[in-house]
Amino acid sequence: MENKKMEIITVSNIDYAILDEIDDILYTVNVNNGNDIKMFKVNEDTESIDGLDEDEQSVALVKFYEKHKDLIK
Amino acid sequence: MKEKKDYSGQTERNIEEEYDKKMKEIEMKIAKERRQKEKISQKEKNKKKKEILMRLKKIGLVSGGVVALGLSAFAGWSAHEAYEVSQGEKIILENFKFGGYVDRINRTYGFDYYIGKSDVSYEKFISYLKRAAEENGYNDVQSYIAFKERFDGHVADDVIERDISRKEIHKEAKKAYINGVVDTKEEGASYGK
(Lines give C-alpha, C1' and ligand atoms only; values in the text may rest on other atoms or scores of the structure.)
Protein backbone atom coordinates (compact mmCIF):
# COMPACT_ATOMS: atom_id res chain seq x y z
CA MET A 1 0.00 0.00 0.00
CA GLU A 2 1.12 3.52 -0.78
CA ASN A 3 2.39 5.88 1.85
CA LYS A 4 0.07 8.74 2.73
CA LYS A 5 0.86 12.31 3.68
CA MET A 6 -0.87 12.81 7.01
CA GLU A 7 -1.08 15.07 10.04
CA ILE A 8 0.89 13.66 12.96
CA ILE A 9 1.03 14.45 16.66
CA THR A 10 3.69 13.25 19.07
CA VAL A 11 2.62 12.01 22.49
CA SER A 12 5.14 10.46 24.93
CA ASN A 13 7.69 10.27 22.10
CA ILE A 14 5.35 8.20 19.92
CA ASP A 15 4.10 9.56 16.60
CA TYR A 16 0.39 9.14 15.98
CA ALA A 17 -1.25 9.84 12.61
CA ILE A 18 -4.61 11.58 12.87
CA LEU A 19 -7.26 9.43 11.19
CA ASP A 20 -10.23 11.61 12.09
CA GLU A 21 -11.32 14.56 14.21
CA ILE A 22 -14.80 14.74 15.70
CA ASP A 23 -15.78 17.47 18.19
CA ASP A 24 -12.21 18.14 19.32
CA ILE A 25 -11.36 14.47 19.72
CA LEU A 26 -8.45 13.14 17.71
CA TYR A 27 -8.70 9.54 16.51
CA THR A 28 -5.17 8.36 15.88
CA VAL A 29 -3.01 5.39 15.02
CA ASN A 30 0.61 4.76 15.95
CA VAL A 31 2.58 5.30 12.72
CA ASN A 32 4.65 2.20 13.49
CA ASN A 33 1.83 -0.08 14.64
CA GLY A 34 -1.61 -0.16 13.00
CA ASN A 35 -3.09 -2.03 15.96
CA ASP A 36 -2.19 0.73 18.40
CA ILE A 37 -5.10 3.16 18.14
CA LYS A 38 -5.67 5.98 20.62
CA MET A 39 -7.97 8.95 21.13
CA PHE A 40 -6.72 12.29 22.37
CA LYS A 41 -8.06 15.72 23.19
CA VAL A 42 -6.41 19.12 23.38
CA ASN A 43 -5.99 20.48 26.88
CA GLU A 44 -6.28 24.25 26.52
CA ASP A 45 -5.03 24.90 30.06
CA THR A 46 -1.73 23.07 29.71
CA GLU A 47 -1.63 23.57 25.93
CA SER A 48 -0.84 19.90 25.46
CA ILE A 49 -2.52 16.70 24.31
CA ASP A 50 -4.21 14.37 26.80
CA GLY A 51 -5.75 10.90 26.65
CA LEU A 52 -9.45 10.37 27.41
CA ASP A 53 -10.95 8.84 30.52
CA GLU A 54 -13.19 5.78 30.18
CA ASP A 55 -16.46 7.72 29.93
CA GLU A 56 -15.04 10.17 27.42
CA GLN A 57 -13.78 7.23 25.38
CA SER A 58 -17.22 5.67 25.32
CA VAL A 59 -18.81 8.90 24.05
CA ALA A 60 -16.04 9.44 21.50
CA LEU A 61 -16.35 5.91 20.13
CA VAL A 62 -20.10 6.17 19.70
CA LYS A 63 -19.57 9.49 17.88
CA PHE A 64 -17.10 7.76 15.58
CA TYR A 65 -19.65 5.00 14.96
CA GLU A 66 -22.44 7.50 14.29
CA LYS A 67 -20.29 9.39 11.79
CA HIS A 68 -19.12 6.29 9.94
CA LYS A 69 -21.94 3.81 10.53
CA ASP A 70 -22.82 3.55 6.84
CA LEU A 71 -19.28 2.40 6.11
CA ILE A 72 -19.02 0.25 9.25
CA LYS A 73 -22.27 -1.63 8.52
CA MET B 1 -76.83 45.20 46.96
CA LYS B 2 -74.42 42.73 48.44
CA GLU B 3 -71.61 41.49 46.20
CA LYS B 4 -71.58 37.73 45.69
CA LYS B 5 -68.39 36.24 47.09
CA ASP B 6 -66.55 33.31 45.52
CA TYR B 7 -65.64 30.73 48.17
CA SER B 8 -64.71 27.95 45.71
CA GLY B 9 -61.01 28.85 45.79
CA GLN B 10 -61.08 29.27 42.01
CA THR B 11 -59.65 32.82 42.23
CA GLU B 12 -56.71 31.59 44.32
CA ARG B 13 -56.12 28.72 41.92
CA ASN B 14 -56.15 31.11 38.97
CA ILE B 15 -53.64 33.37 40.71
CA GLU B 16 -51.41 30.39 41.49
CA GLU B 17 -51.59 29.14 37.90
CA GLU B 18 -50.76 32.61 36.58
CA TYR B 19 -47.86 32.85 39.05
CA ASP B 20 -46.51 29.42 38.00
CA LYS B 21 -46.81 30.38 34.34
CA LYS B 22 -44.89 33.63 34.88
CA MET B 23 -42.21 31.85 36.95
CA LYS B 24 -41.77 29.25 34.22
CA GLU B 25 -41.41 32.00 31.60
CA ILE B 26 -38.74 33.73 33.70
CA GLU B 27 -36.87 30.46 34.34
CA MET B 28 -36.93 29.64 30.62
CA LYS B 29 -35.59 33.11 29.77
CA ILE B 30 -32.75 32.73 32.28
CA ALA B 31 -31.93 29.23 30.97
CA LYS B 32 -31.90 30.56 27.38
CA GLU B 33 -29.51 33.37 28.29
CA ARG B 34 -27.27 30.93 30.18
CA ARG B 35 -27.16 28.60 27.17
CA GLN B 36 -26.24 31.50 24.88
CA LYS B 37 -23.39 32.52 27.19
CA GLU B 38 -22.16 28.93 27.36
CA LYS B 39 -22.29 28.71 23.57
CA ILE B 40 -20.11 31.82 23.20
CA SER B 41 -17.58 30.61 25.78
CA GLN B 42 -17.52 27.17 24.11
CA LYS B 43 -16.82 28.83 20.75
CA GLU B 44 -13.86 30.70 22.26
CA LYS B 45 -12.55 27.52 23.86
CA ASN B 46 -12.81 25.63 20.57
CA LYS B 47 -10.93 28.39 18.77
CA LYS B 48 -8.12 28.19 21.31
CA LYS B 49 -7.99 24.39 21.06
CA LYS B 50 -7.70 24.62 17.26
CA GLU B 51 -4.81 27.07 17.57
CA ILE B 52 -2.97 24.80 20.04
CA LEU B 53 -3.51 21.79 17.81
CA MET B 54 -2.18 23.66 14.78
CA ARG B 55 1.04 24.30 16.70
CA LEU B 56 1.39 20.66 17.78
CA LYS B 57 0.63 19.02 14.45
CA LYS B 58 3.22 18.15 11.85
CA ILE B 59 2.98 16.50 8.44
CA GLY B 60 4.57 13.13 7.74
CA LEU B 61 4.36 10.07 5.55
CA VAL B 62 2.45 7.11 6.97
CA SER B 63 2.10 3.62 5.53
CA GLY B 64 -1.31 3.04 3.90
CA GLY B 65 -1.44 -0.34 5.64
CA VAL B 66 -1.12 1.25 9.06
CA VAL B 67 -3.92 3.73 8.22
CA ALA B 68 -6.24 0.96 6.99
CA LEU B 69 -5.54 -1.17 10.04
CA GLY B 70 -6.13 1.76 12.39
CA LEU B 71 -9.43 2.68 10.73
CA SER B 72 -10.74 -0.87 10.85
CA ALA B 73 -9.74 -1.15 14.52
CA PHE B 74 -11.70 2.03 15.29
CA ALA B 75 -14.67 0.77 13.29
CA GLY B 76 -14.80 -2.47 15.26
CA TRP B 77 -14.28 -0.83 18.63
CA SER B 78 -16.83 1.93 18.02
CA ALA B 79 -19.49 -0.48 16.71
CA HIS B 80 -19.05 -2.59 19.82
CA GLU B 81 -19.33 0.47 22.07
CA ALA B 82 -22.44 1.74 20.25
CA TYR B 83 -24.02 -1.69 20.66
CA GLU B 84 -23.35 -1.74 24.41
CA VAL B 85 -24.79 1.74 24.90
CA SER B 86 -27.94 1.02 22.87
CA GLN B 87 -28.49 -2.27 24.72
CA GLY B 88 -28.07 -0.49 28.05
CA GLU B 89 -30.63 2.15 27.02
CA LYS B 90 -33.02 -0.64 26.09
CA ILE B 91 -32.62 -2.28 29.52
CA ILE B 92 -33.30 1.06 31.22
CA LEU B 93 -36.51 1.59 29.21
CA GLU B 94 -37.74 -2.00 29.50
CA ASN B 95 -37.47 -1.94 33.28
CA PHE B 96 -39.34 1.32 33.70
CA LYS B 97 -42.85 0.67 35.01
CA PHE B 98 -45.25 3.25 33.58
CA GLY B 99 -48.08 2.00 35.78
CA GLY B 100 -50.69 1.59 33.06
CA TYR B 101 -51.31 2.99 29.63
CA VAL B 102 -49.25 6.13 29.10
CA ASP B 103 -48.73 7.29 25.56
CA ARG B 104 -49.07 10.02 23.01
CA ILE B 105 -50.66 9.88 19.60
CA ASN B 106 -49.43 11.93 16.70
CA ARG B 107 -52.37 13.81 15.13
CA THR B 108 -52.28 16.15 12.16
CA TYR B 109 -52.38 19.14 14.54
CA GLY B 110 -49.79 17.76 17.00
CA PHE B 111 -49.71 15.22 19.81
CA ASP B 112 -52.55 14.06 22.06
CA TYR B 113 -51.43 12.75 25.44
CA TYR B 114 -53.06 9.88 27.28
CA ILE B 115 -52.89 8.52 30.80
CA GLY B 116 -55.11 5.46 31.00
CA LYS B 117 -58.21 6.27 28.97
CA SER B 118 -58.05 9.99 29.68
CA ASP B 119 -56.89 12.60 27.22
CA VAL B 120 -54.69 14.90 29.35
CA SER B 121 -52.80 18.16 28.91
CA TYR B 122 -49.07 18.13 28.16
CA GLU B 123 -48.37 19.59 31.65
CA LYS B 124 -50.31 16.77 33.34
CA PHE B 125 -48.53 14.22 31.16
CA ILE B 126 -45.13 15.61 32.18
CA SER B 127 -46.00 15.74 35.86
CA TYR B 128 -47.27 12.13 35.67
CA LEU B 129 -43.91 11.07 34.19
CA LYS B 130 -42.06 12.97 36.94
CA ARG B 131 -44.00 11.05 39.56
CA ALA B 132 -43.48 7.76 37.72
CA ALA B 133 -39.71 8.37 37.64
CA GLU B 134 -39.76 8.98 41.38
CA GLU B 135 -41.83 5.85 42.02
CA ASN B 136 -39.47 3.75 39.90
CA GLY B 137 -36.52 5.06 41.89
CA TYR B 138 -34.82 6.14 38.66
CA ASN B 139 -32.25 8.93 38.87
CA ASP B 140 -32.28 11.90 36.45
CA VAL B 141 -30.09 10.22 33.86
CA GLN B 142 -31.94 6.89 33.89
CA SER B 143 -35.27 8.73 33.62
CA TYR B 144 -33.96 10.88 30.79
CA ILE B 145 -32.89 7.76 28.88
CA ALA B 146 -36.23 6.01 29.44
CA PHE B 147 -38.29 9.01 28.26
CA LYS B 148 -35.99 9.83 25.37
CA GLU B 149 -36.26 6.22 24.16
CA ARG B 150 -40.02 5.94 24.71
CA PHE B 151 -41.02 9.43 23.53
CA ASP B 152 -38.31 11.89 22.47
CA GLY B 153 -35.68 14.29 23.76
CA HIS B 154 -38.17 17.16 24.26
CA VAL B 155 -40.37 15.15 26.60
CA ALA B 156 -37.28 13.90 28.44
CA ASP B 157 -35.96 17.50 28.74
CA ASP B 158 -39.26 18.75 30.16
CA VAL B 159 -39.43 15.96 32.74
CA ILE B 160 -35.82 16.24 33.91
CA GLU B 161 -35.40 20.03 33.61
CA ARG B 162 -31.61 19.96 33.48
CA ASP B 163 -29.08 19.33 30.76
CA ILE B 164 -27.97 15.70 30.65
CA SER B 165 -24.66 15.18 28.90
CA ARG B 166 -23.85 12.37 26.50
CA LYS B 167 -21.14 11.33 28.93
CA GLU B 168 -23.74 10.79 31.68
CA ILE B 169 -26.05 8.90 29.31
CA HIS B 170 -23.32 6.58 28.06
CA LYS B 171 -22.03 5.91 31.56
CA GLU B 172 -25.48 4.96 32.86
CA ALA B 173 -26.35 2.91 29.76
CA LYS B 174 -23.09 0.98 29.88
CA LYS B 175 -23.58 0.31 33.57
CA ALA B 176 -27.03 -1.14 32.85
CA TYR B 177 -25.64 -3.22 29.98
CA ILE B 178 -22.76 -4.63 32.04
CA ASN B 179 -24.87 -5.35 35.15
CA GLY B 180 -28.01 -6.37 33.28
CA VAL B 181 -30.02 -4.34 35.81
CA VAL B 182 -30.94 -0.73 36.47
CA ASP B 183 -29.29 0.54 39.59
CA THR B 184 -32.18 2.44 41.16
CA LYS B 185 -32.15 4.93 44.05
CA GLU B 186 -34.08 2.66 46.40
CA GLU B 187 -31.76 0.56 48.47
CA GLY B 188 -31.78 -3.05 47.34
CA ALA B 189 -34.30 -2.40 44.59
CA SER B 190 -32.60 -2.92 41.26
CA TYR B 191 -35.04 -3.42 38.43
CA GLY B 192 -34.35 -6.06 35.83
CA LYS B 193 -32.84 -8.70 38.09
Straight-line distance of A:M39 CE to A:D20 CG, nearest 0.5 Å: 11.5 Å
Distance, nearest 0.5 Å, that separates CG of A:N30 from CD1 of A:I8: 10.5 Å
With B:N46, the side-chain contact (heavy atoms from CB on, under 4.5 Å) member among B:E44, B:Q42, B:K43: B:Q42
Contact leader toward chain A among B:K57, B:K171, B:R55, where contacts are heavy-atom pairs under 4.5 Å: B:K57
Part of A:N43 within contact of chain B (heavy atom distance under 4.5 Å): backbone
Salt bridge present between B:E18 and B:K22 (N-O < 4.0 angstrom): yes
Nearest-0.5 Å distance that lies between atom NZ in B:K175 and atom CD1 in B:I91: 13.0 Å
Toward chain B, the part of A:D24 with a non-hydrogen atom under 4.5 Å: side chain
Geometric class of the B:Y113/B:F111 ring pair [parallel <30°, tilted 30-60°, perpendicular >60°]: tilted
Atom of B:F98, atom of B:L93 and distance for their closest heavy-atom approach: CE1-CD1, 4.2 Å
Residues in residues 143-158 of chain B that sit under 4.5 Å from chain A, counting heavy atoms only: none
B:D103 (side chain) donor-acceptor with B:Y114 (main chain) under 3.5 angstrom: no
Which of B:L71, B:V85, B:I169 touches chain A most, by non-hydrogen pairs under 4.5 Å: B:L71
Largest heavy-atom contact set with chain A, pairs under 4.5 Å, which of B:V62, B:I52, B:I59: B:V62
Which of B:S78, B:G64, B:A82 touches chain A most, by non-hydrogen pairs under 4.5 Å: B:S78
Pairs of heavy atoms under 4.5 Å with chain A: top-ranked of B:A75, B:S63, B:G60, B:G70: B:G60
Crowding at CD, B:E25 (>12 non-hydrogen neighbours, <6.0 Å): yes
Contacting region of B:K49 [heavy-atom separation from chain A under 4.5 Å]: both
Portion of B:A173 that has a non-hydrogen atom of chain A nearer than 4.5 angstrom: neither
Crowding at NZ, B:K90 (>12 non-hydrogen neighbours, <6.0 Å): no
Part of A:E2 within contact of chain B (heavy atom distance under 4.5 Å): backbone
Part of A:K38 within contact of chain B (heavy atom distance under 4.5 Å): backbone
B:Y83 atom OH, neighbour heavy-atom count above 12 within 6.0 Å: no
